[in-house]
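Before any comments, here is the structure.
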Amino acid sequence: MSELYLAIDIGTTNVKSAIFDINGNMNDFFQEREVGRNLNGNSEIDPAVWWKALIKILNKIPGDKKNRIKAMSIIGQGPTIITMKKNGNISCNAITWLDSRGAEYQTKLINQGMDPQIASVISRLKYIKKDVGSENYLVQPADYIAYKLTGRIVNMSFKEFGYLPWNKEIIEKVDLNRHFIVPELVQTSRTVGNILKDVATELELPENLKIVSGSPDFAAGLVGTGTVKPGYLCDRGGTSQGVTLCSEYKKDIKGLITTPYFLKNLWKISGIMKTSGRALDWYSEKIIHRKMDRLKDLKKVERPTKIIFLPYLSGERSPYWNPDARGIIFGIDLNSSREKIFISIMEGISFSIKDIVERMESDGLKIEKIRTTGGQTQSDIFNQIKADVLGKEIELPGISESELLGAAIYAISNDTGNGIDETANRLVSIKKTYKPNSNIYKVYSGQFKIYRQLYERNKDMFIDLLK
């Protein structure tokens, strides 16, 4: 029987897993939902819940499939900080990317020339250093799971700058090296080690199961959507949002992040938003108390809604990097139904994507294809809204769990010896393309100007509001 490859994705609150064959076909899918809850009133999670969730998933896999698993690769959300002692003990709860503590350091670090994403992490490290003491290894959720499986404390990532939220030089530069240690890097798609024998026995997994280095989930999303050619852009929408262009040219664009791609002579130009999809969850959970799939009348909502929503519910990263930014719902009236406001949130998230894409294009970058992935792709309406707002075709890959396919590609690449890009080009397919409505696009283009003005006119008042 053919060999199989196991992909694991450690999310902020969900853990997903899928089994793939060597041709990229998904044979099974498992998920543990809402495994993590914020603790102590902050965005903290006990890392043990991710391990317990993974055990539950592994116990669901049928024995005949378990025995055929040759390699496992683990990816995860971030930048989330886990501080670990040499013996594997956790120093404090995981500090997720949603946490805003230490924000007072962030602006200063960015003004000093530090990469904005790394500045957001360093600011949190400065805040927690007094609580964790000295000599803490810095790992992320996927690294923590790899440790539990192999006993090795490592960072799993591409070696290029911009994939890890820290490095040794930066830790030393900001005088945090007494508190924090950057562990050994195991490059993506290379072998971390074989599974520990006692763990293999307990979980009924093959003793020779190979653990292959993963990457941050956003990078796995790039691989799993086939965003491995110049001019290809990946919109990855989940709790947060990542918009990443594979570019031949290095462009330093204000508010965006430019770093080397994991492919030679190419550049990764990215914008990352903080609470895009989380805004939909907020509205569902806190305001209307029902999930999107229970809103039966979404298709009847006329678009554009003429309600402008700014999805800055916990500050914003790209393109403003403003921890004080807050959400705005502009233009509601007596006819604004819960469905209409829900659609306006989708429009607002799409405007946020457009805000990044326009900055890329205005600097001369060409976008040949846009591929979308993540939980947002489950909504046909949302996919169409993105196409209409951007005025561009949106491609939906054949496997919606693109991050998991990316993780599987790492494992398959490790096994076959073929490159990650070569493997991705072979395995990724497109199942649907959303074409923009030109008339709706024209109206959205006018509303996008209002979207930008709302931020500019209110940015000083956000600070006053929070005093």
My understanding is that only residues two or more places apart in sequence, or in another chain, count here; which of them pass salt bridge (Lys or Arg N to Asp or Glu O under 4.0 Å) with K229? none
Under 30°, 30 to 60°, or over 60°: which ring-plane class applies to Y320 and Y455, parallel, tilted or perpendicular? parallel
Would you mind listing every side chain to side chain donor-acceptor pair (under 3.5 Å) that reaches into residues 186-202, with sequence neighbours excluded? T191-N414
Residues two or more places apart in sequence or in another chain: which of them pass salt bridge (Lys or Arg N to Asp or Glu O under 4.0 Å) with K159? none
Note: I345 and A279 closest approach over all heavy atoms is CG2-CB, 4.1 Å
Please name all residues satisfying ring pair (Phe, Tyr, Trp, His ring centres under 6.0 Å) with F218, sequence neighbours left out, ordered by chain then number. Y163
Do any N or O atoms from the side chain of N89 and from the backbone of K85 form a donor-acceptor pair under 3.5 angstrom? no
Could you check whether any side-chain N or O of S379 sits under 3.5 Å from a backbone N or O of Q376, counting only pairs where one atom can act as donor and the other as acceptor? no
Are side-chain N/O atoms of N155 and D143 paired as donor and acceptor at under 3.5 Å? yes
Could you work out, with salt bridge (Lys or Arg N to Asp or Glu O under 4.0 Å) as the rule, every residue matching R317, not counting sequence neighbours? none
Within 45° of the axis and under 6.0 Å from the centre of the six-membered ring of Y105, does NZ or CZ of K126 qualify? yes
Output all residues satisfying salt bridge (Lys or Arg N to Asp or Glu O under 4.0 Å) with D115, sequence neighbours left out; order by chain, then residue number. none
